[in-house]
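Please find one structure pasted underneath; my questions will follow.
Numbering starts at 1 and runs along the sequence shown. Just so you know, these numbers come straight off a predicted model, no measurement behind them.
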Amino acid sequence: MKRLMDLAIATGLLIITAPLIAVIAIIIKVSMGSPVLFKQQRPGLNGRPFFLYKFRTMTMAAKDGEMLSDAQRLTAVGKVLRKYSLDELPQLFNVIRNDMSLVGPRPLLMEYLPLYTKRQSARHAVKPGITGWAQVNGRNAITWEEKFDLDLWYVHHRNVLLDCKILYLTIAKVLKKEGIHQDNQATMLKFSGTKEVR
């Protein structure tokens, strides 16, 4: 039932938002050039890698051969896209391809895999999602450990009704523009491992 719901909603949203997706692609092309999409390998179900797609929100600006910080490279257009989570729209294709679900723990960086505790690694027991329990309970404004605890709670309590609740709460969070980033960060600081045993 979850897969059927993913397909139905993702396909419907793609049809509805197709004009918006086209406009965003044109704006990015004009303001930042190519590529329009940001493509990066992320861990999916059981940690298997897949390519995640988002609208590009940052430039490739560098100084002395080193890439500038995310906050420095984030463009005005990128800020608006992130503010309303419009940069996530291309992930609807990931859902249709069965790389992701609409709801699940967010797919993080491949480099984090060896940093997880055994308990935290269980977040990969389900497909990653565009939104999730952590996203509607703090998003990027909470600590990594709090985020992982929320992800694991979802893994152990997931059901279709909970997914529907999370989708509803996600719309409210996006409209309120809550938890987009940590203080003084474009999103949040990189995960460097949990120091205490959890």
Item to check | Partner set under ring pair (Phe, Tyr, Trp, His ring centres under 6.0 Å) for Phe191, not counting sequence neighbours | outcome: Tyr112, Tyr116, Trp144, Phe148
Checklist entry - Do side-chain atoms of Thr75 reach the backbone of Met58 as a donor and acceptor pair under 3.5 angstrom? => result no
Item to check | 4.5 Å side-chain heavy-atom contact, Arg48 and Pro43 | outcome: no
For residues 7-34, dump all side-chain donor-acceptor pairs below 3.5 Å to protein atoms at least two apart in sequence or in another chain.
residue, atom, partner, partner atom, Å
Thr11, OG1, Leu7, O, 2.7
Thr17, OG1, Leu13, O, 2.6
Lys29, NZ, Ser34, OG, 2.4
Ser31, OG, Ile27, O, 2.8

Checklist entry - How about Gln40 and Leu52: do any of their side-chain heavy atoms sit closer than 4.5 Å? => result no
Checklist entry - Can Lys39 be said to sit on top of Phe51's aromatic six-ring, NZ or CZ under 6.0 Å from centre and within 45° of the ring axis? => result yes
Checklist entry - Do Gln41 and Phe50 come within less than 4.5 Å of each other through their side chains, counting heavy atoms only? => result no
Checklist entry - Atom CZ of Arg106 and atom OG1 of Thr131: how far apart are they, to the nearest 0.5 Å? => result 8.0 Å
Checklist entry - Which atoms form the tightest heavy-atom contact between Pro105 and Tyr154, and what is the distance? => result CD-CD2, 4.2 Å
Item to check | Set of residues satisfying ring pair (Phe, Tyr, Trp, His ring centres under 6.0 Å) with respect to His156, sequence neighbours excluded | outcome: none
Item to check | Rounded distance [0.5 Å steps], CG in Leu86 versus OG1 in Thr57 | outcome: 11.5 Å
Checklist entry - Is there a chain of hydrophobic side chains (I, L, V, M, F, W, Y, each step under 4.5 Å between heavy atoms) that links Leu45 to Ile96? => result no
Checklist entry - If you take all heavy atoms of Leu150 and Ile142, which pair is closest and at what distance? => result CD1-CD1, 3.7 Å
Item to check | Heavy-atom side-chain proximity of Pro35 to Arg56 below 4.5 angstrom | outcome: yes
Checklist entry - In Å and rounded to the nearest 0.5 Å, what is the NZ to CD distance from Lys54 to Gln91? => result 6.0 Å
Next on the checklist: Could you check whether any side-chain heavy atom of Glu146 comes within less than 4.5 Å of a side-chain heavy atom of Thr143, counting everything from C-beta outward?
Outcome noted: yes
Next on the checklist: With rounding to the nearest 0.5 angstrom, report the CG to OH distance, Asn94 to Tyr53.
Outcome noted: 7.5 Å
Checklist entry - Do you know the tightest heavy-atom contact between Gln135 and Gly104? => result OE1-O, 4.4 Å
Checklist entry - What do the steps show when you test Arg119 against Asp149 for salt bridge (charged side-chain N to carboxylate O under 4.0 Å, His left out), and what is the final call? => result CA-CA 9 Å; Arg119 176 174 175 271; Asp149 285 344; 3.0 Å; yes
Checklist entry - Does Arg82 come within less than 4.0 Å of Glu88, counting only side-chain N to carboxylate O? => result no
Next on the checklist: So which atom in Ser85 and which in Arg139 form the shortest heavy-atom distance, rounded to 0.1 Å?
Outcome noted: OG-NH2, 3.2 Å
Checklist entry - Any side-chain heavy atom of Arg97 sitting closer than 4.5 Å to one from Asp99? => result yes
Next on the checklist: Are Lys165 and Trp133 packed together at the side-chain level, in the sense that at least one heavy-atom pair is separated by less than 4.5 angstrom?
Outcome noted: yes
Checklist outcome for this item: Value for NZ (Lys176) from CD1 (Ile171), rounded to nearest 0.5 Å, stands at 12.5 Å
Next on the checklist: Applying ring pair (Phe, Tyr, Trp, His ring centres under 6.0 Å) as the test, list every pair that has at least one member in residues 15-43; sequence neighbours left out.
Outcome noted: none
Item to check | Carboxylate-amine/guanidinium contact Lys2 Asp163, below 4.0 Å | outcome: yes
Checklist entry - For Met5 and Cys164, which heavy atoms make the closest approach, and how far apart are they? => result SD-SG, 4.0 Å
Checklist outcome for this item: In short, salt bridge (Lys or Arg N to Asp or Glu O under 4.0 Å) pairs touching residues 121-135 with sequence neighbours left out are Arg123-Asp151
Next on the checklist: Applying a strict under-4.5 Å side-chain criterion to I, L, V, M, F, W and Y, I'd like to know whether Val136 and Leu152 cluster together.
Outcome noted: no
Item to check | Distance-only polar pair, side chains of Gln120 and Thr194, donor-acceptor under 3.5 Å | outcome: yes
Item to check | Trace of the side-chain contact (heavy atoms from CB on, under 4.5 Å) decision for His124 with Leu113 | outcome: CA-CA 10 Å; His124 296 295; Leu113 287 177; 3.5 Å; yes
Checklist entry - With sequence neighbours excluded, what pairs up with Ala61 under the side-chain contact (heavy atoms from CB on, under 4.5 Å) test? => result Thr59, Leu68, Arg73
Next on the checklist: If hydrophobic clusters are built from ILVMFWY residues whose side chains come within less than 4.5 Å, do Tyr168 and Met1 share one?
Outcome noted: yes
Checklist entry - Would one find more than 12 heavy atoms of other residues, nucleotides or ligands at under 6.0 Å from atom CZ of Arg3? => result yes
Item to check | Main-chain N/O of Leu161 paired with Asn159 side-chain donor or acceptor, under 3.5 Å | outcome: yes
Item to check | Taking every non-hydrogen atom, the tightest pair across Pro107 and Gly129 | outcome: CD-O, 3.6 Å
Next on the checklist: So, taking the atom named CG in Leu115 and the one named OG in Ser121, what distance separates them when rounded to the nearest 0.5 Å?
Outcome noted: 10.0 Å
Checklist entry - Can you check whether Leu74 reaches Lys79 side chain to side chain, under 4.5 Å on heavy atoms? => result yes
Checklist entry - Going by atom types only, do Ser101 and Asp6 share a side-chain donor-acceptor pair under 3.5 Å? => result yes
Next on the checklist: Is it the case that atom CD in Glu111 sees more than 12 heavy atoms from other parts of the structure closer than 6.0 Å?
Outcome noted: yes
